[in-house]
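Scroll down for the structure; my scribbles are underneath it.
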Amino acid sequence: MKLWLAVLIAAGGGAALKLAGFVVPARLLESDAAKRILEALPVTLLSALIAVSVFATGSHLVLDSRAAGLAVALILVAIRAPFLVVVIAACATAAGVHAL
Amino acid sequence: MPETPRDDHLTADSSPSAARRRIRNRALAIGVSVTPFGLSFGAVSVEAHLSLVEVCLLSLVLFSGASQFALVSILGAGGSYLSAVGTALLLGVRNGLYGARINALLRPAGWRRFVMAEVTIDESTAMAVSEAPSGNAARAFWTTALSVYVLWNVSTVIGALVGNALGSPATTGLDVAGPAAFIALLAPRLTTVRMRVTALGSGAIALVTVPIVPVGAPILIGGLTAVALLLVLDR
């Protein structure tokens, strides 16, 4: 396989996967169970994404400066700090711990 | 359905102009937070011998940071085309799952559905879902999508042209900008014990599988298993 072909398949495939969610027939989305699944999915997928992007590098579990940033974000969210404060403080903490 | 404003409709937080300002600021912040990744993606891609056209094609069409990084990292490390493309697509599956939710929430028709699908990613979905109770899901979705799309593509090109001049996202702490933003956006959905347990369970399941399944799979496994558990618990 050529490199450009791999790039093309990844790009086309990724776009097709995105479209897949939009071609599900509307009646399948009407049921009570479907509604509950669809409402919970973004929450669970994003939770898993947060966990993996903070505590993993490739196939390895790691505990590094990102965990400190996450802890600060959780505390600030708990005390209802504004959105930007949460993001900036988390980044500043992670950068500080990384520099140690 | 938009929630009817109660007697607090005159307070700053629920007025339409305050909502517009809030959404614009958050969307811009999220867009800015992806730029270091765009820069390093561009730089890593060039090192993996991709041409500028190929790099731009990925950011314009694949438009999914995790998939793009996986593709060029595996290619750059000498991995096979099959594992590189396979991992990228595995990471792209969750966009399809987001799509089903966004489709049910915003009900786009005709050509809008194609445009909407193309920009359905972690960031736009998180913003739309977080603004759903305020009735501003569509505005939140499109504003975030535009912000991230433009800034991601611009930073990708710059990264490919000048290399990684800013240093790695870890040095600037920007590697936690995404997780921190997602937590802030999800917080209002995590007020019940039931949802908190589900979210924690999803993260825990994902982490347990990290060492044993291919890169890209843990997020799907965690997210889907947690939803299944939630349905069982609700019975």
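Every chain is numbered from 1 and lettered A, B, ... according to where its sequence line falls, protein lines coming before strand lines.
Pairing each heavy atom of B/V215 with each of A/G58, the nearest pair is CG2-C, 4.0 Å. Residue B/G173 comes nearest to A/A94 through the heavy atom pair CA-CB, 4.0 Å, listed as atom of the first residue, atom of the second, then distance. When all heavy atoms of B/A180 and A/V87 are compared, the pair lying nearest together is CB-CA, 4.1 Å. Closest heavy-atom contact between A/V86 and B/A184: CG1-CB, 4.3 Å. Counting all heavy atoms, side chain and backbone alike, B/T125 lies closest to A/P42 at CG2-CB, 4.1 Å. Between A/L46 and B/A126 the shortest heavy-atom distance is CD1-CB, 3.6 Å.
Residues A/V7 and B/L57 form a side-chain contact, since some pair of their non-hydrogen atoms from C-beta on lies under 4.5 Å apart. In this structure the side chain of A/V77 never reaches within 4.5 angstrom of the side chain of B/L186, judged on heavy atoms.
Interface remark: of the candidates B/G92, B/A66, B/A206, B/G96, B/G96 forms the most heavy-atom pairs closer than 4.5 Å to chain A. Ranked by heavy-atom pairs shorter than 4.5 Å toward chain A, the options B/S51, B/P218, B/A199, B/G178 are led by B/A199. Of the residues considered (A/L41, A/L49, A/V24), A/L49 shows the highest number of contacts with chain B, using heavy-atom pairs under 4.5 Å. When B/V210, B/D122, B/V129 are compared by the number of non-hydrogen pairs under 4.5 Å with chain A, B/V210 comes out ahead. The choice from B/L230, B/L50, B/L220 that makes the most heavy-atom pairs within less than 4.5 Å of chain A is B/L50. Comparing B/P214, B/P211, B/A187, B/G222 by how many heavy-atom pairs each has under 4.5 Å with chain A, the most go to B/P211. Comparing A/R80, A/H60, A/K35, A/R66 by how many heavy-atom pairs each has under 4.5 Å with chain B, the most go to A/R66. Counting heavy-atom pairs closer than 4.5 Å to chain B, the top residue among A/V52, A/V54, A/L76 is A/V52.
Interface residue B/R189: only side-chain heavy atoms are found under 4.5 Å from chain A. Residue contact with chain B, scored on non-hydrogen atoms closer than 4.5 Å, is absent for A/A92. For a residue to count as touching a neighbouring chain, one of its non-hydrogen atoms must lie under 4.5 Å from one of that chain's; by this rule B/I183 touches chain A with backbone and side chain alike. Residue contact with chain A, scored on non-hydrogen atoms closer than 4.5 Å, involves the side chain of B/P108 exclusively. Neither the backbone nor the side chain of B/V53 comes within contact range of chain A; no heavy atom of the residue lies under 4.5 Å from a heavy atom of that chain. Of the two parts of A/L19, the backbone and the side chain both hold a non-hydrogen atom closer than 4.5 Å to a non-hydrogen atom of chain B. Neither the backbone nor the side chain of B/A84 comes within contact range of chain A, judged by heavy atoms closer than 4.5 Å. With a 4.5 angstrom heavy-atom cutoff, B/I30 touches chain A only via side-chain atoms. Both the backbone and the side chain of B/M116 come within contact range of chain A, with heavy atoms under 4.5 Å apart. In this structure, chain A has heavy atoms under 4.5 Å from both the backbone and the side chain of B/V227. Of the atoms belonging to A/A99, not a single heavy atom falls under 4.5 Å from chain B. Both the backbone and the side chain of B/L207 come within contact range of chain A, with heavy atoms under 4.5 Å apart. Proximity to chain A is absent for every atom of B/L60, based on heavy atoms less than 4.5 angstrom apart. Both the backbone and the side chain of B/L89 come within contact range of chain A, with heavy atoms under 4.5 Å apart. Interface remark: B/T120 contributes backbone and side-chain atoms alike to the contact with chain A (heavy atom separation under 4.5 Å). Heavy atoms closer than 4.5 Å to chain B are found in the side chain of A/H98, but not in its backbone. For chain A, no part of B/I212 is nearby; none of its heavy atoms comes within less than 4.5 Å.
Between the side chain of B/R113 and the backbone N or O of A/F22 there is at least one donor-acceptor pair closer than 3.5 Å. Between the side chain of A/K18 and the backbone N or O of B/L62 there is at least one donor-acceptor pair closer than 3.5 Å.
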Review point. Going through the distances and angles, do A/L70 and B/V176 end up as a side-chain contact (heavy atoms from CB on, under 4.5 Å)?
Key: CA-CA 7 Å; A/L70 179 73; B/V176 291; 5.6 Å; no
Practice item. Would you check, one step at a time, whether the test side-chain contact (heavy atoms from CB on, under 4.5 Å) holds for B/L200 with A/S47? Key: CA-CA 7 Å; B/L200 280 176; A/S47 303; over 6 Å; no
Review point. Given the rule in the side-chain contact (heavy atoms from CB on, under 4.5 Å) test, do B/N103 and A/L38 qualify, once you have shown the distances and angles that lead to the verdict?
Key: CA-CA 10 Å; B/N103 190 24; A/L38 287 184; over 6 Å; no
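Rounding to the nearest 0.5 Å places CG of A/L3 at 4.5 Å from CD of B/E54. Within the model, atoms OG1 of A/T44 and CG of B/L97 stand 9.0 Å from one another, a figure rounded to the nearest 0.5 Å.
The environment of CZ in A/R36 is crowded: more than 12 heavy-atom neighbours from other residues, nucleotides or ligands sit within 6.0 Å.
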